[in-house]
Amino acid sequence: MENQLFIHNTLTRRKELFEPINPPFAGMYVCGPTVYGDPHLGHARPAISFDLVFRYLLHLGYKVRYVRNITDVGHLVADLDEGEDKIAVKARVEQLEPMEIAQYYADRYFIYMNALNVKRPSIEPRASGHMIEQILMVQKILDAGYAYEVNGSVYFDVEKYSKSHEYGKLSGRILEDLISNTRSLEAQDEKRNNADFALWKKAQPEHIMRWPSTWGDGFPGWHLECSAMSTKYLGDYFDIHGGGMDLLFPHHESEIAQCEAAIGHESVKYWMHNNMVTINGQKMGKSLGNFITLDEFFTGTHASLQQAYSPMTIRFFILQAHYRSTLDFSNEALQAAEKGLKKLLAGYETLVKLIPTPPPLSLPEGEGRIHDLQRSCYASMNDDFNSPMVIASLFEGVRLINSAADQKESLSIPEMVLLKNIFDTFLFDILGIRDEKSNDQGELLDGLMQLVLAIRQKSRETKDWGTSDQIRDALQKLQITVKDGKDGSSWGKE
RNA sequence: GGUUUCGUGGCCGAGUGGCUAGGCAGCGGUCUGCAAAACCGUCCACAGCGGUUCGACUCCGCUCGAAACCUCCA
């Protein structure tokens with residue numbers, strides 16, 4: 001199977017052939033969460049989008065090192081007097097150690113990401129554990145002459161940098177606009193220029209999170225950790241850097257500047273950005289207060305939710321949109337995703353039952369519609385990870401399966417085996433859907449159900465519909481659906 | 001104001017210079033004791049106005065509308 005993977009590079013704004021720097025290795029860095037609150041639907045988007053990338057690169061045979069950071073140092077808070085650390089602020093409110101809070105929310109993050117079947121990255125470095133690397137990077141930038149120190153803080157000199165480099169090339173911004181448009185905030189008079197950003201901030205006495213450095217006690221600027229940790233684990237030049245579109249400026253723009261200033265050349269080959277989840281057309285985010293946490297989705301405990309939505313429903317919902325499009329949340333859309341996913345999984349089960357055991361040993365090199373289906377799945381993934389198209393192809397597969405089960409269409413055994421292989425590969429391995437209802441009591445349940453259905457069949461034969469319906473209704477309450485067909489009854493669990 | 005995008009049928013969402021996206025919902029039918037499920041058929045589109053073209057939803061321009069970023073945010 002030939003695979004020419006094309007990735008949309010934000011830097012060039014076009015799709016480019018993916019050619020890893022050191023095949024068969026591939027390096028990917030993605031900006032992870034700041035752990036000071038419960039993860040919400042917005043956090044699920046990049047996690048799942050780049051999980052898809054991770055899974056597909058693995059499927060293609062690359063040896064992938066996927067690094068996603070945990071921000072536990074905190075960023076400056078503009079609306080507070082002294083530019084306090086976000087995590088430190090929360091700590092004072094709750095009378096907890098900052099690290100206690102970071103630990104708590106990091107754990108929560110992993111729990112919910114795990115529920116969404118998001119694979120754990122290869123390395124999940126924490127900003128607080130990489131202070132030395134960050135301080136060294138600041139020093140490198142100072143040595144290169146692209147930063148200056150004022151009163152124990154170090155700032156990046158954007159104006160000087162842009163004389164020899166292009167600050168703004170990722171986000172398309174023009175330096176003059178930045179200088180004239182950037183709002184001036186308190187305690188920024190230290191900066192030579194509005195567009196300059198902090199590499200290292202001096203810690204005020206009340207600031208809890210602080211680290212010693214050559215410039216005095218302080219804490220790193222908020223763009224620094226990603227530059228320091230990505231290059232530490234992936235090298236001076238690596239393949240993919242991802243994150244949310246909202247991080248494009250200034251975060252990623254500044255990362256580029258920091259790396260070029262410290263290293264002397266670009267560090268990222270492909271920049272990838274996922275789009276936002278919206279609610280009523282607006283970005284779902286912490287600051288707008290319009291977010292719904294994953295916990296609330298899973299339990300249905302939020303005023304704007306009509307019901308609970310399972311983790312796989314959420315995952316499927318996200319994958320039904322392309323990662324670079326906005327995705328609008330609504331109950332209707334989520335319910336549609338829930339039903340669609342159910343249909344897909346039911347189709348897979350039907351297929352498994354159609355295939356005789358043991359399956360034939362040899363898989364003849366076939367052609368025709370099933371291979372076309374497989375080809376289109378690959379083509380979709382290769383076209384910048386177009387998961388909605390893959391899903392459409394899988395639905396086409398379901399239509400074939402159901403038609404075959406209804407004997408309105410014939411599928412050969414090799415065709416069915418190939419179809420199952422497509423589902424196993426794309427639905428489960430690459431899209432990362434897992435069947436939530438499967439459990440290890442399957443055999444017991446299966447035996448019991450055979451018995452129940454046999455008894456019900458007797459009553460049906462004597463046209464005792466009362467008993468028959470009573471059994472069916474009772475099973476329905478247990479979320480088991482009985483389907484009566486020509487050749488007897490079958491059942492399925494919700 | 002600047003930067004980057006977007007505007008697709010009842011809803012969510014792909015895609016393309018001429019060929020059915022897909023899902024959910026609706027309608028009609030097949031099947032069924034009745035259902036459910038499934039299958040078949042069907043309805044509903046490409047913001048508006050110009051331009052390029054044999055032909056545009058797709059390219060270009062303008063208008064209107066929306067969003068993200070410019071301040072912590074996935």
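In what follows, every heavy atom counts, from backbone to side chain, and hydrogens, waters and symmetry copies are set aside. Here the structure is a predicted model, which means the values were calculated and not measured.
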Just checking [X]: base, sugar-phosphate only, or nothing, at a heavy-atom cut-off of under 4.0 Å?
{"X": "Val277(A)", "result": "base"}
{"X": "Leu327(A)", "result": "sugar-phosphate"}
{"X": "Gly172(A)", "result": "sugar-phosphate"}
{"X": "Met245(A)", "result": "nothing"}
{"X": "His40(A)", "result": "base"}

Do the numbers put [X] on top of the ring of [Y], so that NZ or CZ is under 6.0 Å from the six-membered ring centre and no more than 45° off the axis?
{"X": "Arg173(A)", "Y": "Phe249(A)", "result": "yes"}
{"X": "Lys286(A)", "Y": "Tyr36(A)", "result": "yes"}
{"X": "Arg120(A)", "Y": "Phe110(A)", "result": "yes"}

Those residues at least two apart in sequence (or on a different chain) that pass salt bridge (charged side-chain N to carboxylate O under 4.0 Å, His left out) with Asp239(A) are none

query = Quick one: are the ring centres of Phe428(A) and Tyr348(A) less than 6.0 Å apart?
reply = yes

Pick the [atom1] atom in [N] and in [M], then give their distance to the nearest Å.
{"N": "rG9(B)", "M": "rU4(B)", "atom1": "P", "result": "27 Å"}
{"N": "rC46(B)", "M": "rG41(B)", "atom1": "C1'", "result": "24 Å"}
{"N": "rG48(B)", "M": "rC12(B)", "atom1": "C1'", "result": "24 Å"}
{"N": "rC24(B)", "M": "rC44(B)", "atom1": "C1'", "result": "14 Å"}
{"N": "rA37(B)", "M": "rG23(B)", "atom1": "P", "result": "15 Å"}
{"N": "rG61(B)", "M": "rC43(B)", "atom1": "C1'", "result": "35 Å"}
{"N": "rG22(B)", "M": "rC31(B)", "atom1": "C1'", "result": "25 Å"}
{"N": "rU52(B)", "M": "rU71(B)", "atom1": "P", "result": "44 Å"}

In B/S/- notation (B base, S sugar-phosphate only, - none; protein heavy atoms under 4.0 Å), nucleotides 20-27 of chain B written 5' to 3' is -BSBSS--

Arg324(A) CZ to rU4(B) P, in whole Å, measures 16 Å

Taken to the nearest whole Å, CZ/Arg456(A) to P/rA35(B) is 14 Å

query: Between the base of rG15(B) and the side chain of Asp383(A), is there any donor-acceptor pair under 3.5 Å?
result: no

Taking only side-chain N and O atoms of [X], does any of them lie within less than 4.0 angstrom of OP1 or OP2 on [N]?
{"X": "Ser325(A)", "N": "rC6(B)", "result": "no"}
{"X": "Arg472(A)", "N": "rC34(B)", "result": "no"}
{"X": "Asn386(A)", "N": "rG15(B)", "result": "yes"}

Residues pairing under salt bridge (charged side-chain N to carboxylate O under 4.0 Å, His left out) where one sits in residues 329-338 of chain A, two or more places apart or in two chains, turn out to be none

